[in-house]
Protein chains: 2
Amino acid sequence: MESITIKDVARICGVGVSTVSRAINNHPDINPETKEMIMQVIKENHYVPNNSARNLKRSDARAIAILIKGISNPFFNSMIKVFEEEIQKKKYTLVLQHVDEWQDETEVALELEKEKRLRGIVFLGGFASHSEDQLKKIPVPFVLSTVSLLGEEYKNDYSFVSVNDVEESFRMTDYLIRQGHEKIAILCSSENDVSIGALRLAGYKKALESHRIPVEESRIRHMDPEVDTYSIKSGYKLTRELLDEGVDCTAIFALSDSMAIGAVRALIDAGKKVPEDISVAGFDGTEMAAYYNPAITTIRQPAEIMAKETIKLLFDSIKKKTKVQQLIFDGELVPGESVKKRK
Amino acid sequence: MESITIKDVARICGVGVSTVSRAINNHPDINPETKEMIMQVIKENHYVPNNSARNLKRSDARAIAILIKGISNPFFNSMIKVFEEEIQKKKYTLVLQHVDEWQDETEVALELEKEKRLRGIVFLGGFASHSEDQLKKIPVPFVLSTVSLLGEEYKNDYSFVSVNDVEESFRMTDYLIRQGHEKIAILCSSENDVSIGALRLAGYKKALESHRIPVEESRIRHMDPEVDTYSIKSGYKLTRELLDEGVDCTAIFALSDSMAIGAVRALIDAGKKVPEDISVAGFDGTEMAAYYNPAITTIRQPAEIMAKETIKLLFDSIKKKTKVQQLIFDGELVPGESVKKRK
DNA sequence: TTGTATGCGTTATCAG
DNA sequence: CTGATAACGCATACAA
């Protein structure tokens, strides 16, 4: 039960602790033979260095943390792989950290930065835009990824990369309208979401207005905050309500692919055909949307590129090459089989 | 940039460090007034304790780690929530740790145990059953969850909870046969998988044999190990090959729901109808399978119960109440819309 | 109830 | 190239 420490290894080898330390850290100033001997003893005795002690002492950890809010979000999956690759490429260590829905990501960041001596942080998802002054306390460079901060006041304070939520939402809505749909319901996140949910809703409204179509409040459906927002279930539930209330619409625009899938299933269960009776569109461009039946017409976010640029931005900050920057990407409308041209 | 430490807080408050320590750790022996004063100073100066230092010193961390191999596996999602709840209920802290596909989970466990002074560990997924003697080195109780160790020799060495893979696979295959299918293709994991993939394949073979149906090797499809096994993509790819090679079959049994979905999509893309032309069945009972169109006929694993029992088992071990135990659960065949009775 | 001193396991800074 | 030794930031036994 009792663990072996670096001292024990030193004693067994008949050397000083600093020599052992040099061996395990690939320090240059060490005799290859002694090093080999030490490594041998380490293997034999199953010595594992204590990371807490290391982090405590070390000043240079070369570690980047990614804080993920909403681990079940399939959209993040493709990004995480890229993060891993890019960070490894820079010879940095990656710390993947979950943040629960109810947790404050800045608090987690603060703790983790101390614990692991981070060089930089990526916030993936989340950010209800409260906790704005909390961000100021973070002592290392960070980038908000997949997050749009509302309001001009943040414009030059923080780095973030995101898709152009308003424009892409506009694009999809406009597309639906050009396909002959005027009565378009929209499935949103919770009512008090001021982040991407609000932006996408704004794009929807903007598109309707540009076509002089009145915005009908009964077609705007918000999810209760307690239910996992953007999930399949919420898409199903909201569509169910839509049908039960007899809201008149020929198309449903869901603000995530997962919600779109839930919507399609709800329609099928109600005996409707997609897209013959009602068209459905999503947002994100996930793998699931492409493989669904019917394939979901959606907006593809350039996830891999966004992830890559997030890391580039972060390292620019770390190397002090640049000041804060905002990168806003265009998406791409991917036609599937879930939207039909009317008349 | 320079961080504030407990000493600084003590100095500012005009008290000793131990008093500050007592304040932040809810120690009973402390004057409520001084405590409040200290907490006030802490808030004002944004003091955050260093976890590395804490872990280093602390002997009792009351922490449980869950090591997850294959974070994108949607089947694990429902389990993680339960883990969080159950562990919190016991007033323990949960450490969620990803393990990359190429990483050795026992190595990660060993490191983490030292770093965080863990009381127990749950291994979720993974375990190619190599690294068996590595398990012996782990100095705290642990439970393998969703893992079946092949071979009688492990029978009494390690605790694990899993579904009865052989029997459930048998159940599904038997069901397909009773629905009039004889030519049943099976989509497996990689050829050298000796874990659940091998068990489920065994169940398939057993069912065929019990009905005196010859096992046709061309209907057994293995995925290359380099592709994400059990994924939608691999289901698609394997089905594609099946079709391209003109393998004769009336049903496809995929060893995961994700693969089943990929299979359905591949069939649709090839102009086939599911289940009219070919039936498809999955395994796991994920949310996605239920919401797919057609809903996937699958084996539901009692994920929540399994998660709960995993924790119970772990705490029994921690409290030394029990020796190692194996818990093997029955699944449930959930009929969907993807399997059709023939003739 | 509070303060002081010690050590947790490592790495970094020195002399040798 | 190597070996003492001083931090790192905190919790705790012990003394007050």
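We name chains A, B, ... by the order of the sequence lines, and we start the count at 1 in each one. Not measured: the values here are computed from a predicted model. Below, all heavy atoms of this structure are taken into account, side chains as well, without hydrogens, waters or symmetry copies.
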At under 4.0 Å between heavy atoms, what does Asn25(B) touch on the DNA or RNA strands: base, sugar-phosphate, or nothing?
-> sugar-phosphate

Atom-to-atom span, CZ of Arg58(A) to C1' of dT13(C) - whole angstrom | 17 Å

Ranking dG9(D), dT2(D), dA11(D) by distance to the side chain of Leu56(B), first place goes to dG9(D)

Out of dA11(D), dT10(C), dG9(D), whichever nucleotide has its closest atom nearest the side chain of Val17(B) = dA11(D)

Expressed in angstrom and rounded to an integer, what is the separation of Lys7(B) atom NZ from dT6(C) atom P?
-> 13 Å

Within the structure shown, what part of the strands sits under 4.0 Å from Arg54(B) by heavy-atom distance: base, sugar-phosphate, or nothing?
-> sugar-phosphate

Report yes or no: is there a donor-acceptor pair, N or O only, under 3.5 Å between the side chain of Lys57(A) and the base of dA12(C)?
-> no

Regarding Asn25(B) and Arg54(B), is there a side-chain donor-to-acceptor distance under 3.5 Å anywhere?
-> yes

Can you tell me how far C1' of dC8(D) sits from CD1 of Ile6(A), to the nearest Å?
-> 15 Å

NA contact type, Val15(B), heavy-atom cut-off 4.0 Å: base, sugar-phosphate, or nothing?
-> sugar-phosphate

Asn50(A) and Glu115(B): side-chain donor and acceptor closer than 3.5 Å?
-> no

Does Pro32(A) or Arg117(A) map to a spot on DNA chain D nearer the 5' end, using the closest nucleotide for each?
-> Pro32(A)

Hey, which sits more toward the 5' end of DNA chain C by its nearest nucleotide, Thr34(B) or Asn50(A)?
-> Thr34(B)

For the side chain of Arg22(B), counting heavy atoms from C-beta on, which of dA13(D), dT10(C), dC10(D) is nearest?
-> dA13(D)

At under 4.0 Å between heavy atoms, what does Ser18(A) touch on the DNA or RNA strands: base, sugar-phosphate, or nothing?
-> base

Write down the distance between CD1 (Ile4(A)) and C1' (dG9(C)), rounded to a whole number of angstrom.
-> 13 Å

Determine the interplanar angle of the His98(B) and His98(A) rings, folded into 0 to 90°, and report it as parallel if under 30°, tilted if 30 to 60°, perpendicular if over 60°.
-> tilted

Between atom CG in Asp8(A) and atom P in dG9(C), what is the gap in whole Å?
-> 9 Å

Heavy atoms under 4.0 Å, any strand shown: does Ile24(B) hit a base, just sugar-phosphate, or nothing?
-> sugar-phosphate

OP1 or OP2 of dG3(D) under 4.0 Å from side-chain N/O of Thr19(A) = yes

In whole Å, what is the span from the CG atom of Asp29(A) to the P atom of dT13(C)?
-> 13 Å

Roughly, in whole Å, what's the span from NE2 in His27(A) to P in dT11(C)?
-> 10 Å

Within 45° of the six-membered ring axis of Phe123(A) and under 6.0 Å from that ring's centre, is NZ or CZ of Lys69(A) located there?
-> no

Side-chain donor or acceptor of Arg117(A) paired with backbone N/O of Leu56(A) under 3.5 Å | yes

Could you state the CD1-P distance from Ile30(A) to dT11(C), rounded to the nearest angstrom?
-> 12 Å

Reckon Asn31(A) touches a base, only the sugar-phosphate, or nothing at all at heavy-atom distances under 4.0 Å?
-> sugar-phosphate

Just by distance, with hydrogens left out, do Ser189(A) and Thr229(A) show a side-chain donor and acceptor under 3.5 Å apart?
-> no

Would you say the base of dA12(C) and the side-chain of Ser21(A) have a donor-acceptor pair closer than 3.5 Å?
-> no

